[in-house]
Amino acid sequence: MTLTFTEEQEELRASLRRFLTDKSPSEAVRRWMEAEEGHDPALWRQMAEQLGLQGIALPEEYGGAGGGPVELGIVLEEMGRALLPSPFFATVALAGQALAASGDDAAKSRWLPGIAAGSLTATVAIAEESGSWRLEDVAATATTAPGGGWTVSGTKMFVIDGHTAGLLLVVARTGAGPGLFAVESDAAGMTRTRLDALDPTRRLGRIDLDGTPAVRVGPDGGADAAPAFLREALDLAVVALAAEQVGGAQACLDTAVEYAKIRVQFDRPIGSFQAIKHKCADMLLAVEAARSATYHAASVAAEGSAELPVAAALAGAYCSEACTHAAKENIQIHGGIGYTWEHDAHLYLKRAKSSEQLFGAPAAHRARLADLVGI
Amino acid sequence: MTLTFTEEQEELRASLRRFLTDKSPSEAVRRWMEAEEGHDPALWRQMAEQLGLQGIALPEEYGGAGGGPVELGIVLEEMGRALLPSPFFATVALAGQALAASGDDAAKSRWLPGIAAGSLTATVAIAEESGSWRLEDVAATATTAPGGGWTVSGTKMFVIDGHTAGLLLVVARTGAGPGLFAVESDAAGMTRTRLDALDPTRRLGRIDLDGTPAVRVGPDGGADAAPAFLREALDLAVVALAAEQVGGAQACLDTAVEYAKIRVQFDRPIGSFQAIKHKCADMLLAVEAARSATYHAASVAAEGSAELPVAAALAGAYCSEACTHAAKENIQIHGGIGYTWEHDAHLYLKRAKSSEQLFGAPAAHRARLADLVGI
Amino acid sequence: MTSTTVRNRHDDALETDDEFRARLRTFLTGNHPGRRPKDPSERLAWRKAWLATLFDAGYAGPSWPREYGGMELSFARQVIYQEEYAKARVPGPLGTGLGIAAPTLIKYGTTEQKERFLRPMLRGDTVWAQGYSEPEAGSDLPALRTTARREGDEYVVNGQKVWNSAADLADIIFTLVRTGTRESRQQGITYLLIDAHAPGVTVRPLRDLTGDAHFCEIFFNDVRVPVSHRIGEENGGWPLVRTSLGHERAAGTMNQAAMYRRVLDELIELAHERRATADPLVRDRLADFEVRVRIMRYTGMRTISDIMAKGEPGPASSTSRLFTVTFEQDLHEFAVEMLGSHGVLGRHDPHAVQRGRWVWGFLRTRASTIGAGTAEIQRNTIAEQLLGLPRDPAMPPMVRSQ
Amino acid sequence: MTSTTVRNRHDDALETDDEFRARLRTFLTGNHPGRRPKDPSERLAWRKAWLATLFDAGYAGPSWPREYGGMELSFARQVIYQEEYAKARVPGPLGTGLGIAAPTLIKYGTTEQKERFLRPMLRGDTVWAQGYSEPEAGSDLPALRTTARREGDEYVVNGQKVWNSAADLADIIFTLVRTGTRESRQQGITYLLIDAHAPGVTVRPLRDLTGDAHFCEIFFNDVRVPVSHRIGEENGGWPLVRTSLGHERAAGTMNQAAMYRRVLDELIELAHERRATADPLVRDRLADFEVRVRIMRYTGMRTISDIMAKGEPGPASSTSRLFTVTFEQDLHEFAVEMLGSHGVLGRHDPHAVQRGRWVWGFLRTRASTIGAGTAEIQRNTIAEQLLGLPRDPAMPPMVRSQ
């Protein structure tokens, strides 16, 4: 394993950074985070048509580019840096990766081409009113319908883009344990509500399901066993989120350093004061450590290594805290201006603090890591 | 309740500080910490005869000065500041307070006058090989002897001055729970060993007891119930230790600040650098907070208030960490010189780190506090 | 250190502390103005009416001299007053005049100024707001740029102020302006009272990261201010900054401690409800907050004891602000974590816990280590003023005192 | 980022990495010098004998040029070498010459100096010790005061050095001395090699807070040093400080990561033995250390990848020392806490856990944030050199680089 990037990967990063700098500057982020859609639909199409981003980590046979977690990590790192409001994370990192990992050819053929083409948005619904992200705590139920197929009932919470996604992959419990069930947006018996989320750049939804028709997704078609790919999909999502957090943390560090160079107080740039220097040095340390954890985890995921659960728990534990730390320090270094609505510093903090709770808090990741490595 | 001192109390502090500055400077501390006795016997006599310190918190009827936890706190704060190696803590803060709280007139008449006069050193033996300081975990046993009286068996560890004390008050379990048993230094069936303690200024011992004759101490004479005064004595010891820790932390802060004013690097006193300033400011904050916790706890103890367990757990939790923090920062601010054997900085660190474990670690105090206040 | 209840030497012999407390409590509960109106202008009227009731009945200004309508209470009674006032949950003072401008006026104002301004301020008839900070002068207040040019018996003021709370309600803005050269720093600053309704004054709400506007920006465009509205000498404004009436800061500490005692109790209750206290990590953190909130109170008590015994507070009082701001940031951040995914719902969501107060507190307390001197500046000040550490040779002399 | 094993372009075509690893392992285990003698002089001889064995068999100096007896391995093989060397638990190099003086000599020495000094250093025939720090020049090395006065073809050296490890075993002390004026700072410093056995050199052990003497003080009293023992120009010594052979620092990071992996495994095992892992607070802390020790390794791997792909390490390599020293302090402090009262027994006590290694480590790692530049100076350097933050205007220019 090496932890550096190929020329193609570096080029992907560079072109994406140019693209996002151009297409999604702060004003655009703010416009779309307040818009009903929550994101820029034209940009979504451009991402698919010009850059093929939605399919970057999907197999070529389904219209994807054949990349994997490393390429997806690059994309999310750049999106995190730009704080892009987009259904990309839910559609690609969550639903796309879950479908690709499902081993279910029918499901893949049915939905992956749409995801890759940018014509279908999707998400995965895991947590419920308890707020737990553990698969074992899922209470929503799936039962076989009289005429064949399944119906799903229960309430899902904190579903990323859950109120708008074209396809919902719902984790629900059968007699044998949790499974994944595809619900299309026009399915009967479903009510979707947008939640008021702290992070205005990432929409969360509540989904109430009451005997809603669904298609079981999994390698074994209709068989009744808890599929391992679900756990894998969750680990992949944690790794993808870590990449986004690295991008966010780096943006906070960059902004703080730039400001510290130009802001003058006491007739000196504040960056010449040790207190500010040391804060910035500690931020760099945390950002670089988070980067190591994330690149390693993405690489492990790309290899399909059995180390993925450990690498994901580790990245989840470290990167969340590193990103929140960087976002808080960024505000502190900016002082009053960092406390205003107009400055973007708070948007990064809100993203960071919210992401910290997605898929489990840092302490939960540490507890899982402890279990996995035998502490 | 007020948290300031009377003129008499301030005078006690001032005279004791002069006394210790004069009689127990660094060279004396180092000489006696390496001597077989572990303390200066002549100084011990002076403390009793000139200042009446050993009896400061003991009732007048037993030769004491009739003071209480507040006066004892002042004395220990000054001793902690001077890092005095002395059997004072064990004799007065532990054994003296335990006897005074015991409600056992016979025991008080028999031993308190000797303690007050400085002719008897004493200690309390609580922890055992498990390292626990909880009374419930005591395993040593006391049984009634055939000819009346009691015998005690078991192994006691981490007994302050345990290998030299003239009187050992041993916590041992009877059928009804833990009780306190007095063992005199020449008792049969007792082996005492000095432990190699991290802190060279406070001796710890191991005591092996095998059917050792003992006298039961308690309000109920020979009755077989777990006495409440034991818990109280332990709380009083925690408060006394907190006072000593405040003194130690203040000494570390003072030394660090003085050094930061005179040490020049990069053509400036290092105290003009923000990094050093902020460390010192944080030390002051911690020292002052520890002081508030300790003065409050001493005052509560002096009132005989039912708040003592809460106040003691709080002081134990905060002051230990504050003192260790100050001791570590003192070394860091001193740099290389603080790492040498010749500088006293390490002696304060060793005292602080060792004291942190006496009577329970900070987390144990927090857990107890949580229980007490209903968290 | 005695264990008996403190009997203050200034007490009115006719009433014990307990009787005073009971009388005050009866008044506050008996005259409680009821629920806060939702409409902003109704709410302002409601608050003004309450302050007038208080003043007219002789229950306003516990620390103020009687000659300006205050109660001139002994220090111990001031503490009782603050405790009862906090418990009664009645509206507090309007604007920031009482805590900051009034002490300055009492100490440095002319007899005429005191007569004219103090009573209406205390009664709530005129609302005062502070105008100190500027976009380029935050931590470094002596760098302020708002100018006042003398023209006859008026000053003509131009410039911008920022981070002004209550400026949108204010009748009078008490402010620092530059009357000296641009480089004059502390030596060229004058303290002026500016009529908020005067031509050329523009007050704009400033939306902060919580999404609300708790602060304003103030723009002065050729605003004419009579020289009689100057406090102290021209170019002599700097020493007037942060005048406080002796004991008020200590009472403030007790107030904060009482408030956070309540907040922590509510958090502990919430933790129980959500069964979070079963988690030893949560218990350990809550116990740590319990330690700190109690220490906050003990430090307040110690400061009061020191003031009463020695006439001045000890060093603990100077570190208590840093102690408090760190506490409130940590507490809210922990609360959000403890609530998990529910913790990061916005306050308008029906699923948000306690209407999102904890996440809102998490956001709001970002200002704790920034406003009124950053935590970094506070540490500098503590190090230099309390510990006597040497000044940074590259800093301009005489940094803003706390 | 590819997932296949890295094949290095410098590899000897005749041997794969695995074969190299196997060959090295066979040599190290087959020639292991056995148990460390207790007697100090026997121990020195034992170590010298091992180093000679290593050198004579061609297994010394993985990064060194072959012309000076080194192995001149590709970077990937250096990493393999370090891993196997650490696993074999054979004695390491003597003194501090190999890591610090040798790169300087190789880069700046004359042909004659290289011929004369390098091979005996690598073979362990001459032991080298560093003499940089002084009592008045710790973090601020350019303030050093030891003087060298030129007299004909000799320098006469006077002064004191401190914090010198292995100086008691040393044959040669490589040192920085002042040849310029007292105020010349970096511009007046010369790099000299001083014969440790020369008249006027006194080496005294320096007892540190652990009670041991891991360091020495060195006193120079009119010590005569031939000009031919100067490296570089007179007054040109400063740029020579901290020369390192390209990749060695990255390999060092991997080494540290491997060592702390082992140390943490031992601590986890100990926690299990003492049933401490039943405590969720302990589990959470151990998991945090697990996270950090793994990140240490990943950062090392990332640095290596960067060097191999781009020829130079990224910013992570510059923060890894700070990451490591913080880790080792936290780890030992936690270990002592976890052991409770047993944790604070001295290492000579029969009840001490694992001969007091944890408490000893707690004491020893106090130096981690002091030696070779305090943590504060490291943060300054990171901020200025990596992030480009402006220099403190009150600092002398050109602070010691890391």
Side-chain angles (χ1 to χ4, degrees), chain A residues 127-133 157-158 193-200 202 204 206 263-268 270 272-276 278-279 324 327-328 331-347 349-350 353-364 366-367, chain C residues 133-143 162-163 183 185 206-213 215 274 279 281-282 329 333 336-352 356 359-360 362-364 366-367 369-371 374-377 379-380 392 394-396 399-400:
Chain A
E128 302 179 353
E129 288 186 290
S130 75
S132 167
W133 292 87
M157 285 284 290
F158 314 112
T193 331
R194 180 177 154 197
L195 299 173
D196 175 30
L198 167 65
D199 176 5
R202 176 139 57 207
L204 299 180
R206 171 187 169 122
R263 168 72 172 178
V264 171
Q265 291 277 275
F266 307 107
D267 304 336
R268 297 161 52 175
I270 61 169
S272 69
F273 288 103
Q274 269 192 340
I276 302 295
H278 291 192
K279 276 182 192 299
T324 300
K328 288 192 296 184
I331 292 180
Q332 182 67 24
I333 290 169
H334 276 81
I337 192 81
Y339 190 72
T340 61
W341 181 265
E342 278 63 36
H343 197 283
D344 287 346
H346 72 98
L347 296 178
L349 179 67
K350 289 169 180 174
K353 197 71 192 164
S354 301
S355 297
E356 224 180 275
Q357 296 299 335
L358 282 180
F359 317 129
R366 281 194 294 274
Chain C
S133 292
E134 299 184 4
E136 300 300 320
S139 294
D140 183 16
L141 196 53
V162 75
W163 301 117
E183 297 72 34
R185 294 191 62 86
L206 181 65
R207 196 175 178 199
D208 65 42
L209 53 71
T210 64
D212 298 339
F215 298 97
R274 300 178 69 85
D279 179 350
L281 290 160
V282 168
Q329 282 192 343
E333 184 154 13
V336 170
E337 283 163 26
M338 189 187 88
L339 296 173
S341 292
H342 288 90
V344 292
L345 289 176
R347 55 196 151 134
H348 304 299
D349 198 279
H351 304 88
V359 73
W360 184 80
F362 165 71
L363 293 174
R364 183 186 53 78
R366 290 299 105 205
T369 47
I370 296 173
T374 63
E376 289 74 37
I377 298 292
R379 287 191 176 91
N380 274 2
D392 182 338
M395 287 278 269
V399 166
R400 172 188 196 175

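Convention: sequence-line order gives letters A, B, ...; per-chain numbering from 1. Since we're looking at a predicted model, the values are computed, not measured.
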**Complete:** Applying a strict 4.5 Å limit to non-hydrogen atoms, the region of C/Ala213 in contact with chain A is neither

**Request:** Would you confirm whether A/Lys350, through its side chain, and C/Leu209, through its main-chain N or O, come within 3.5 Å as a donor-acceptor pair?
**Result:** yes

**Complete:** Taken to the nearest 0.5 Å, the spacing of A/Ile333 CD1 from C/Ile370 CD1 works out to 10.5 Å

**Fill in**
Counting heavy-atom pairs under 4.5 angstrom with chain C, the leader among A/Ser354, A/Ser132, A/Ala363, A/Pro200 is A/Ser354

**Item:** Contacting moiety of C/Ala367, where chain A heavy atoms sit under 4.5 Å
**Value:** both

**Asked** Measuring heavy-atom distances to chain C, does A/Ala127 have an atom under 4.5 Å in its side chain, in its backbone, in both, or in neither?
**Response** neither

**Request:** Please check if the side chain of C/His342 supplies one atom and the backbone of A/Glu129 the other of a donor-acceptor pair under 3.5 Å.
**Result:** yes

**Prompt:** What is the minimum heavy-atom distance between A/Phe266 and C/Ser139, and which atoms define it?
**Reply:** CZ-O, 3.5 Å

**Item:** Residue part contacting chain A, namely of C/Arg347, when any heavy atom lies under 4.5 Å
**Value:** backbone

**Message:** Pair A/Phe273, C/Met395 - check side chain to side chain contact (heavy atoms under 4.5 Å, CB included), show working.
**Reply:** CA-CA 10 Å; A/Phe273 288 103; C/Met395 287 278 269; 3.3 Å; yes

**Request:** Could you look at C/Leu339 and say if it's the side chain, the backbone, both or neither that has a heavy atom under 4.5 Å from chain A?
**Result:** neither

**Item:** Which atoms of C/Asp392 approach chain A - backbone, side chain, both or neither, heavy atom under 4.5 Å
**Value:** side chain

**Asked** If you count heavy-atom pairs under 4.5 Å with chain C, which of A/His343, A/Lys279, A/His334, A/Arg263 comes out on top?
**Response** A/Arg263

**Prompt:** For C/Val162, is it the side chain, the backbone, both or neither that has a heavy atom under 4.5 Å from a heavy atom of chain A?
**Reply:** neither

**Message:** Nearest 0.5 Å, please: how far is CD1 in A/Ile337 from CH2 in C/Trp163?
**Reply:** 7.0 Å

**Prompt:** Tell me, side chain or backbone of A/Ser130 under 4.5 Å from chain C's heavy atoms, or both, or neither?
**Reply:** backbone

**Message:** For the interface with chain A, which of C/Pro135, C/Gly356, C/Ala394, C/Ala137 has the highest count of heavy-atom pairs at distances below 4.5 Å?
**Reply:** C/Ala394

**Prompt:** With only heavy atoms counted, which part of C/His351 is less than 4.5 Å from chain A, the side chain, the backbone, both or neither?
**Reply:** side chain

**Prompt:** Top residue by heavy-atom pair count (under 4.5 Å) with chain C, among A/Arg206, A/Arg194, A/Lys328, A/Glu356?
**Reply:** A/Lys328

**Request:** Mark yes or no for whether A/Gln265, through its side chain, and C/Gly138, through its backbone, hold a donor-acceptor pair below 3.5 Å.
**Result:** yes

**Request:** Could you tell me whether the side chain of A/Tyr339 and the main chain of C/Thr210 form a donor-acceptor pair under 3.5 Å?
**Result:** no

